[in-house]
Amino acid sequence: MLTGYERGVMRVFVAGATGAIGTRLVSQLIEHGHEVIGTYRSPGNAERVRALGAEPVALDLLDAPAVHKAIVEARPDAIIHQATALTGVRFGRSLDRSFAATNRLRTEGTDALLAAAREAGVRRFVAQSFASYRYAREGGQVKTEDDRLDPDPPAMARETNAAMRYLDDAVTNAGGIALRYGGFYGAASDPLARLVRKRWYPVIGDGEGVTSWIHLDDAAAATVLALEHDGAGIYNIVDDEPAPTREWLPVLADALGAKPPRHVPAWFIRLLAGEDMVLGATQSRGASNAKARRELGWTLRYPSWRQGFASAYRQREPARAAA
């Protein structure tokens, strides 16, 4: 389905062009000479897409006939699926509740885009997936794309894990590429940064749970390279330094000008938020980017969250102080 690509300028259809990564991706695609059609949902975002240099298209990915019509009319050479529904979402004890709308975009929305791509003869398809907290909590602390996913994810995240697995399989079976991003950072409005500033994000227990991070600019750069890569596959798009919470959280707090994070016993969080929260905080695994670096020729601007946090957040300190 997605073969026969000749390198050069492409018309790229970006679903989710106004999201945190979508806006950076559109800009980088245009810098590489590609033509971009960008979708949006919220009224008023058409001008935002146009200001990025892309052609705006209003689209609901859960409306399959509308998706088919948009793809046929756009006549793209490639589709990049970056659509989520996380703006304004309040994160609580249940990840599945917070991600319910996004999970539909990763299943029904992916199906609609793939079907339209197949019927329109689109030869390239790249989609957003996720790496952190998905790998089996066993063995080494850093996992490759060949390592197995968690066969028994926390109850609060089972639907979310199933939706991401569905996307991975559907996209790669169709000949496309699924990018398992690390935790995003670098957005102007970052929910995690707000929690850390208020000291509402503690180190739980021994803080041994490992996280893999990725700056949004580096994630967008990897996505552009994936678009130009032949063959189906899954890639971890993360930085060079997976790290336990006890290491990265104090550095993030310092970059934000916040007080050091609190340390909370695991038993207390278990009583307050349940066993699932403790498992994620103390047993999660990180991810290796070796495959993406090797096969995509990807070079990171921020090889570690250590430089990335400082660059992303310290430059905003004066504006924060004035707020």
Could you check whether any side-chain N or O of Y313 sits under 3.5 Å from a backbone N or O of G186, counting only pairs where one atom can act as donor and the other as acceptor? yes
Nearest-0.5 Å distance, NE2 of residue H263 to CD1 of residue I204: 11.5 Å
Side-chain donor-acceptor pair under 3.5 Å between S129 and R106, yes or no? no
So, R24 side chain and G22 main chain: donor-acceptor pair closer than 3.5 Å or not? no
Tell me whether V171 shares a hydrophobic cluster with V67, the cluster being built from Ile, Leu, Val, Met, Phe, Trp, Tyr side chains joined at under 4.5 Å. yes
Side chains of W298 and D218: does their closest heavy-atom pair fall under 4.5 Å? yes
Quick one about Y185 and D239 (side-chain donor to acceptor, distance below 3.5 Å, no hydrogens or angles considered), yes or no? no
Any side-chain to backbone donor/acceptor pair from Q28 onto D217? Under 3.5 Å, distance only. yes
Is the backbone of I234 close enough, under 3.5 Å, to the side chain of K291 for a donor and an acceptor to pair up by distance? yes
If you measure only the distance, is there a donor-acceptor pair under 3.5 Å linking the side chains of Y166 and T110? no
Tightest non-hydrogen contact, residues A136 and P151, listed as CB-CD, 4.1 Å
With a 4.5 Å heavy-atom cut-off, do V224 and L29 have their side chains touching? yes
Answer yes or no: is there a donor N or O on one side and an acceptor on the other, between the side chain of S311 and the main chain of Q307, under 3.5 Å? no
Give the cluster check for M10 versus V26: same hydrophobic cluster or not, with ILVMFWY residues linked at side-chain heavy-atom distances below 4.5 Å. yes
Side chain proximity check, E55 to I37, heavy atoms < 4.5 angstrom: yes
Note: S132 and G183 closest approach over all heavy atoms is OG-N, 3.8 Å
Ignoring hydrogens and geometry, is there a side-chain-to-backbone donor-acceptor pair from D96 to R158 under 3.5 Å? yes
Holding to side chain to side chain donor-acceptor pair (under 3.5 Å), I want the full list of residues that pass it with R293, two or more places apart in sequence or in another chain. D240
Check for a donor-acceptor pair, side chain of N103 on one end and backbone N or O of A163 on the other, with a separation under 3.5 Å. no
Side chains of R301 and H215 in contact at under 4.5 Å (non-hydrogen atoms): no
From D206 CG over to T245 OG1, what is the distance, rounded to the nearest 0.5 angstrom? 9.0 Å
Is there a donor-acceptor contact under 3.5 Å from the side chain of R48 to the main chain of T23? no
Compare every heavy atom of A15 with every heavy atom of L61, then report the nearest pair and how far apart it is. CD1-CB, 4.1 Å
Side-chain (N236) to main-chain (V238) donor-acceptor, under 3.5 angstrom: no
What distance do E295 atom CD and L225 atom CG have between them, rounded to the nearest 0.5 Å? 12.5 Å
One should read off an interatomic distance between L105 CG and H81 NE2, to the nearest 0.5 angstrom, of 6.0 Å
Can you name the closest pair of heavy atoms from S288 and A290 and give their distance? OG-N, 3.2 Å
If we ignore hydrogens and angles and just use 3.5 Å, is the side chain of R246 paired with the main-chain N or O of V203 as donor and acceptor? no
Between F309 and W213, is the ring centre distance below 6.0 Å? yes
Show, in sequence, the C-alpha distance, side-chain angles and deciding distance for F13 and T39, and conclude whether the side chain to side chain contact (heavy atoms under 4.5 Å, CB included) test is met. CA-CA 8 Å; F13 189 96; T39 76; 3.4 Å; yes
Listed partners of D111 passing salt bridge (Lys or Arg N to Asp or Glu O under 4.0 Å), at least two apart: none
Within the 4.5 Å heavy-atom criterion, are L227 and I80 side-chain neighbours or not? yes
With the 4.5 Å side-chain cut-off for hydrophobic clustering, are L256 and Y302 part of the same group? yes
Could you check if a side-chain atom of Q82 sits within less than 4.5 angstrom of a side-chain atom of Y181, using non-hydrogen atoms only? yes
Quick one: CG on L179 to OH on Y235, what's the gap to the nearest 0.5 Å? 9.0 Å
Flag the pair R137 and D152 as a salt bridge only when some basic side-chain nitrogen lies within less than 4.0 angstrom of an acidic carboxylate oxygen. no
Linking I/L/V/M/F/W/Y whenever their side-chain heavy atoms sit closer than 4.5 Å, directly or via other members, would V57 and V72 fall into one cluster? no
Distance-only side-chain donor-acceptor flag, T211 / Y133, under 3.5 Å: yes
Measuring from atom OG of S212 to atom CD of E241, what distance do you get when rounded to the nearest 0.5 angstrom? 10.0 Å
Taking only Lys NZ, Arg NE, NH1 and NH2, and the carboxylate oxygens of Asp or Glu, determine whether D77 and R123 approach each other closer than 4.0 Å. yes
Side-chain heavy atoms under 4.5 angstrom apart, residues restricted to Ile, Leu, Val, Met, Phe, Trp, Tyr: same cluster for L52 and V14? yes
Between I214 and F184, is the side chain to side chain contact (heavy atoms under 4.5 Å, CB included) condition met? List the steps. CA-CA 5 Å; I214 189 67; F184 289 140; 3.7 Å; yes
Which heavy atom in A243 sits nearest to a heavy atom in W248, and how many Å separate them? O-CD1, 3.3 Å
Carboxylate-amine/guanidinium proximity below 4.0 Å for R97 and E159: no
T160 side chain near F130 side chain, heavy-atom distance below 4.5 Å: no
Let's go through E247 and R306 carefully: what are the C-alpha distance in whole Å and the side-chain angles of both, what is the deciding distance for side chain to side chain contact (heavy atoms under 4.5 Å, CB included) to 0.1 Å, and is it a yes or a no? CA-CA 10 Å; E247 289 187 16; R306 296 180 190 276; 3.6 Å; yes
Are D168 and R180 close enough for a salt bridge, meaning some N to O gap below 4.0 Å? yes
Nearest heavy-atom pair of P56 and A54: which atoms, and what distance? CD-O, 3.4 Å
With a 6.0 Å cut-off (strictly less than), is the heavy-atom count around CZ of R199, excluding the residue itself, greater than 12? yes
A side-chain contact here means heavy atoms from C-beta on lying under 4.5 Å apart; do P76 and I71 qualify? yes
Intermediate values then yes/no, side chain to side chain contact (heavy atoms under 4.5 Å, CB included), L149 and M164: CA-CA 11 Å; L149 299 175; M164 290 186 288; over 6 Å; no
